[in-house]
Amino acid sequence: SKIVAEDEFSEIYHSADAITSKEDIENMCLTLYESGNIDSLVLFVVGINIGYRPIDLLSWRWEQITDNGNIIRRFAMPEHKTSKTAIVNLNDTVVKLLTWYKEYKMSQENFVPESFVFTVSGKGKKKSYVWYDKELDVFYHQDRKHKAQGLMFCYQDKEAITVSEDTIIGNPRYIKLAKPIVTESVSAHFIEAAKKCGIEGHFSS
């Protein structure tokens with residue numbers, strides 16, 4: 001058997017397949033729409049148009065991609081994997097879709113400019129949230145461990161920072177925002193849609 005160099009290995013044995021058929025892409029969009037996964041549908045269309053990783057798209061907030069309420073066609077955004085700042089260019093399809101999506105989100109949740117773009121919405125969806133600290137520019141979350149202690153927490157420089165939930169509530173320094181969709185949830189929706197469409201392969205977000 002042939003021994004493959006590491007850089008050659010990554011090119012040959014990639015971790016996920018790509019959907020390259022226009023028909024398959026259209027079927028994916030239709031399936032996501034029919035299943036009620038509007039947020040995943042918009043993320044899918046934005047992703048295939050600009051080629052960004054979901055983990056980067058899921059970090060977007062409306063204040064970063066709009067100017068006076070209008071979608072910006074070109075802006076800088078950091079990449080999670082490389083830690084580099086990249087220039088994002090939006091085509092007409094993405095601008096029109098995000099313009100509609102913004103109106104949709106405004107009708108679904110407590111919308112403020114600091115809100116994340118991609119959040120869980122729709123009837124019957126469980127509402128989760130984070131608190132945004134305007135002074136430190138960080139987001140506080142809650143899990144079972146910290147909830148039992150009455151604390152919210154965030155990670156900064158790989159260290160957990162905690163604050164009392166009682167301190168946050170009613171304090172104008174903090175804004176309550178709908179929690180962004182997690183990558184694992186997006187992957188599950190995409191994989192399920194691909195199966196329904198009969199698209200064969202190993203897929204992820």
Side-chain angles (χ1 to χ4, degrees), residues 14-123 125 177-205:
H14 48 81
S15 59
D17 295 315
I19 299 176
T20 57
S21 162
K22 182 180 178 181
E23 181 180 358
D24 286 343
I25 290 174
E26 290 175 346
N27 287 336
M28 282 283 292
C29 291
L30 182 61
T31 300
L32 288 167
Y33 174 77
E34 290 178 342
S35 63
N37 291 323
I38 302 301
D39 304 288
S40 290
L41 167 61
V42 175
L43 182 73
F44 180 75
V45 175
V46 172
I48 62 175
N49 270 273
I50 69 174
Y52 264 64
R53 299 179 183 88
I55 194 170
D56 292 322
L57 299 179
L58 293 174
S59 69
W60 285 8
R61 286 182 284 138
W62 289 108
E63 65 177 359
Q64 297 172 312
I65 69 169
T66 58
D67 182 25
N68 291 324
N70 299 315
I71 304 298
I72 303 171
R73 288 180 173 270
R74 181 181 171 87
F75 52 87
M77 194 69 66
E79 288 186 331
H80 181 270
K81 187 175 182 179
T82 64
S83 298
K84 296 179 180 178
T85 298
I87 301 299
V88 181
N89 292 284
L90 306 183
N91 59 22
D92 289 342
T93 297
V94 173
V95 171
K96 290 177 182 177
L97 180 60
L98 288 177
T99 299
W100 171 85
Y101 188 57
K102 181 170 177 281
E103 296 298 318
Y104 172 75
K105 300 301 283 189
M106 290 176 71
S107 69
Q108 293 285 327
E109 61 190 45
N110 181 29
F111 184 93
V112 292
E114 294 89 353
S115 295
F116 287 96
V117 174
F118 299 102
T119 59
V120 179
S121 60
K123 294 181 179 180
K125 301 289 187 180
L177 303 176
K179 194 173 183 178
I181 303 172
V182 296
T183 308
E184 291 78 12
S185 177
V186 173
S187 290
H189 290 164
F190 290 171
I191 292 170
E192 181 182 5
K195 288 181 179 179
K196 287 182 178 179
C197 293
I199 305 173
E200 297 183 356
H202 173 61
F203 301 111
S204 70
S205 60

Here's a test for you: under side-chain contact (heavy atoms from CB on, under 4.5 Å), which of I48, L43, V42 qualifies with V46?
V42
Please give me the minimum heavy-atom distance between T85 and A76, naming the atom from each residue.
CG2-CB, 3.7 Å
Do T66 and P113 have side-chain heavy atoms sitting under 4.5 Å apart?
no
Any N49 side-chain heavy atom under 4.5 Å of L97 side chain
no
Considering all heavy atoms, the nearest Y52-L57 contact:
CB-CD2, 3.7 Å
Atom CH2 in W62, atom NZ in K105: separation rounded to 0.5 Å?
8.0 Å
Does the side chain of L58 come within less than 4.5 Å of V182's, by heavy atoms?
no
Atom NZ in K96, atom CG in L98: separation rounded to 0.5 Å?
13.0 Å
Taking side chain as C-beta onward, heavy atoms only, is F116 less than 4.5 Å from I181?
no
Would you mind reporting whether V117 and K102 have side-chain heavy atoms less than 4.5 Å apart?
no
Does some side-chain heavy atom of F44 sit less than 4.5 Å from a side-chain heavy atom of V186?
no
State the CD-OG1 distance between Q108 and T119, to the nearest 0.5 angstrom.
9.0 Å
Output for pair (L177 CG, E114 CD), nearest 0.5 Å, gives 7.0 Å
One should read off an interatomic distance between E192 CD and C197 SG, to the nearest 0.5 angstrom, of 10.5 Å
Checking Q64 now: which residues fulfil side chain to side chain contact (heavy atoms under 4.5 Å, CB included) with it, not counting sequence neighbours?
R61, M77
Would you name the heavy atoms of S40 and L32 that are closest together and state the gap between them?
O-CD1, 4.2 Å
Between OG1 of T99 and CG of N70, what distance do you get to the nearest 0.5 Å?
7.5 Å
Do W60 and V88 have side-chain heavy atoms sitting under 4.5 Å apart?
yes
From the list D39, I71, L41, side-chain contact (heavy atoms from CB on, under 4.5 Å) with Y101 holds only for D39
